[in-house]
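First the structure, in the form of structure tokens, and then the observations on it.
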Amino acid sequence: MATLVRVARVADVPPGTGRVVKAGDLALALFNVGGDFRALGNVCPHRGGSLGLGALDGATVSCPLHAWPFDVGTGICPDNPAVRVPSYPTKVEGEDVWVQV
């Protein structure tokens, strides 16, 4: 059963940035794309890089280890759509960002 977990405050993740957050024991990459929050699994399937530490360009994050790109809305790698990371629904309530896990 899915659960909503508060992972950050809106001010913690300025537009155009990402960061690593925790939802219980789960590490997530949380991104702010022009005020729209999106969450992915934090681990790149290529070599385990932290996607939350990657560079965000529009709605695409690049893994900091080898620059594999991922769409932060879907978790799909545009260079190879068979490769993906989990994506999680988000919700903003007041000043808090919640992720459904």
For this session: Give, for atom OG1 of T60 and atom CG of D79, the distance between the pair rounded to the nearest 0.5 Å.
Result: 9.5 Å

Exercise. Taking all non-hydrogen atoms of both residues, which atom of N32 and which atom of L56 are closest, and how far apart?
Worked result: O-CD2, 3.9 Å

Problem set entry | Same apolar cluster: V72 and V101, side chain cutoff 4.5 Å | no

For this session: Considering non-hydrogen atoms only, spot the tightest contact between V92 and G94 and give its length.
Result: CG1-O, 3.7 Å

Exercise. Is there side-chain contact between R9 and D96, with at least one heavy-atom pair below 4.5 Å?
Worked result: yes

Problem set entry | Smallest separation among heavy atoms of G54 and P64, with atom names | CA-CD, 3.8 Å

Exercise. Just checking, is any N or O donor in the side chain of S50 or N42 under 3.5 Å from an acceptor N or O on the other one?
Worked result: yes

Exercise. Rounded to the nearest 0.5 Å, what separation is found between the CZ atom of R47 and the CG atom of L65?
Worked result: 9.5 Å

For this session: Could you pull out the closest heavy-atom pair between C63 and G49, with the gap in Å?
Result: SG-CA, 3.8 Å

For this session: Using the rule that two of Ile, Leu, Val, Met, Phe, Trp, Tyr join whenever any of their side-chain heavy atoms come within less than 4.5 Å, decide whether L51 and V83 are in one cluster.
Result: yes

Exercise. Angle class for the H46/H66 ring planes (parallel below 30°, perpendicular above 60°, tilted otherwise)?
Worked result: perpendicular

Exercise. Roughly how far apart are K22 NZ and L28 CG, rounded to 0.5 Å?
Worked result: 9.0 Å

Problem set entry | Exercise: identify the closest heavy-atom pair between A29 and G52 | CB-N, 3.4 Å

For this session: Please say whether more than 12 non-hydrogen atoms of neighbouring residues, nucleotides or ligands are located less than 6.0 Å from CG in N80.
Result: yes

For this session: Treat each ILVMFWY residue as a node, draw an edge where side-chain heavy atoms are under 4.5 Å apart, and state whether V13 and V33 are in one component.
Result: no

For this session: Would you give the length of the straight line joining atom CG of L4 to atom NZ of K91, rounded to the nearest 0.5 angstrom?
Result: 6.0 Å

Exercise. Should V85 and V61 be counted in the same cluster of Ile, Leu, Val, Met, Phe, Trp and Tyr side chains packed under 4.5 Å apart?
Worked result: yes

Problem set entry | Cluster overlap V43 with L26, hydrophobic side-chain contacts below 4.5 Å | no

Exercise. Got a second to check how far T90's OG1 is from W98's CH2, nearest 0.5 Å?
Worked result: 13.0 Å

For this session: Indicate the atoms forming the closest heavy-atom contact of F70 with G75, along with that distance.
Result: CD2-O, 3.4 Å

Problem set entry | Side-chain heavy atoms of F31 within contact of L40, under 4.5 Å | yes

